[in-house]
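Read through the structure below, which is laid out as structure tokens, and then see the notes.
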Amino acid sequence: MSRKPISFRTELPLLVWLVIVWGALWRDFSPGNLLFGALIAVLVAKFFYLPPVELSGRFNVLRAISFAMVFLGKVAAASFLVLYLAVVKGPKVRSAVVAVPLRSHSDLIVTATGHVISLIPGSLVVEVDRSTSTLYLHALNIYEEAGIAKIRQEVQNIEAALIRIMGTRQELDALQDEPSPGLEGAAL
């Protein structure tokens, strides 16, 4: 498959990540093994189509720390909710597959949003439509339309928080035009 050339600077984060994964898989971070991993990474990037990792060039550390703390709280709270649902309600728990359109078309933001949602117990991304930036997720404890709206709002709040942490200036400006309840305002 032919593709337009990607600059080394654009491809560098992918290559570094592939070398780190190579070292971790072999449990050997010696210079020789990492050099061989770099050679393999360059060959993989050259001969197999991998979309470039396009970074925005900005990262807000304070928002990332705040996001991490809220995220850990959400994981703990959702874990107890899933435990309660499993023990008390059992097979009577209803679930739904919900389509959530995202604002961002950045692969990085869409992927990060999907991973954050999947790491919170009670929800799991089952499909991603890259062309429309839509996540389809399976969510527990959904009984009515209000529950679906709550899940959509939660995912969009997480996406907004990730845009504030590492989104592009254009995405950040688009968020400024919207009301922002923040990640803290909704729960899964």
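By convention here, the first residue in the shown sequence is residue 1. The structure displayed is predicted, hence computed values, not measured ones.
Contact annotation: the side chain of I148 approaches that of E145 to within less than 4.5 Å [non-hydrogen atoms, C-beta and beyond]. Side chains of F67 and I158 form a contact here, defined as non-hydrogen atoms less than 4.5 Å apart.
The hydrophobic clustering, which links ILVMFWY residues whose side-chain heavy atoms are closer than 4.5 Å, places L162 and I65 together. I40 and F47 fall within a single hydrophobic cluster, where Ile, Leu, Val, Met, Phe, Trp and Tyr are joined by side-chain heavy atoms under 4.5 Å apart, directly or via other members. F29 and V21 end up in different hydrophobic clusters when Ile, Leu, Val, Met, Phe, Trp and Tyr side chains are linked at under 4.5 Å. Using a 4.5 Å cut-off between side-chain heavy atoms of Ile, Leu, Val, Met, Phe, Trp and Tyr, with links allowed through other members, L124 and L83 fall into different hydrophobic clusters. With hydrophobic clusters built from ILVMFWY side chains whose heavy atoms lie under 4.5 angstrom apart, L72 does not share a cluster with L62.
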For a side-chain contact (heavy atoms from CB on, under 4.5 Å) check, start with the C-alpha distance between V100 and I117, then their side-chain angles and the critical distance, and finish with the verdict. CA-CA 11 Å; V100 182; I117 289 299; over 6 Å; no

Test side-chain contact (heavy atoms from CB on, under 4.5 Å) on L172 and R164 and set out the steps. CA-CA 6 Å; L172 198 55; R164 287 184 184 97; 4.0 Å; yes

Using the side-chain contact (heavy atoms from CB on, under 4.5 Å) rule, take I109 and L102 through it: C-alpha gap first, then chi angles, then the decisive distance, then the call. CA-CA 9 Å; I109 298 292; L102 301 179; over 6 Å; no

Chi angles and distances behind the side-chain contact (heavy atoms from CB on, under 4.5 Å) call for T168, S106: CA-CA 9 Å; T168 64; S106 160; 5.9 Å; no

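The two residues A160 and L175 come nearest to each other via the heavy atoms O-CD1, 3.5 Å. Closest of all the heavy-atom pairs between G23 and N33 is CA-ND2, 4.1 Å. Among all heavy-atom pairs drawn from A78 and I120, the shortest one is CB-CG2, 3.7 Å. Taking every heavy atom of both residues into account, L18 and A41 meet most closely at CB-CB, 3.7 Å. Closest approach of M166 and A112 over heavy atoms only: CE-CB, 3.8 Å. Contact between S123 and L137 at its shortest, heavy atoms only, is CB-CD1, 4.1 Å.
Remark: S118 engages no residue in a side-chain hydrogen bond (donor to acceptor under 3.5 Å, both in side chains) (not counting sequence neighbours). With sequence neighbours left out, the side-chain hydrogen bond (donor to acceptor under 3.5 Å, both in side chains) criterion links H115 to no other residue. With sequence neighbours excluded, the residues that form a side-chain contact (heavy atoms from CB on, under 4.5 Å) with A96 are V98, I142. Qualifying ring pair (Phe, Tyr, Trp, His ring centres under 6.0 Å) partners for F36, counting only residues two or more places apart in sequence or in other chains: W22.
Under a 4.0 Å N-O distance rule, the pair E159/R103 qualifies as a salt bridge.
In this structure, CD in Q170 is found 10.5 Å from OG in S104, a value given to the nearest 0.5 Å. Atoms CD1 and CD, on I151 and E154 in that order, are 7.0 Å from each other to the nearest 0.5 Å. Rounding to the nearest 0.5 Å places OG1 of T111 at 8.0 Å from CZ of R130. In this structure, the separation between CD1 on I163 and OG1 on T113 is 7.0 Å, given to the nearest 0.5 Å. Remark: D28 CG to L34 CG distance equals 7.5 Å, nearest 0.5 Å.
Side-chain contacts under 4.5 Å among hydrophobic residues (ILVMFWY), followed directly or transitively, place V97 together with V126, Y136.
Here side-chain hydrogen bond (donor to acceptor under 3.5 Å, both in side chains) pairs that include residues 90-101, with residues two or more places apart or in two chains, are S95-H138.
Within 6.0 Å of CZ on F59 lie more than 12 heavy atoms contributed by other residues, nucleotides or ligands.
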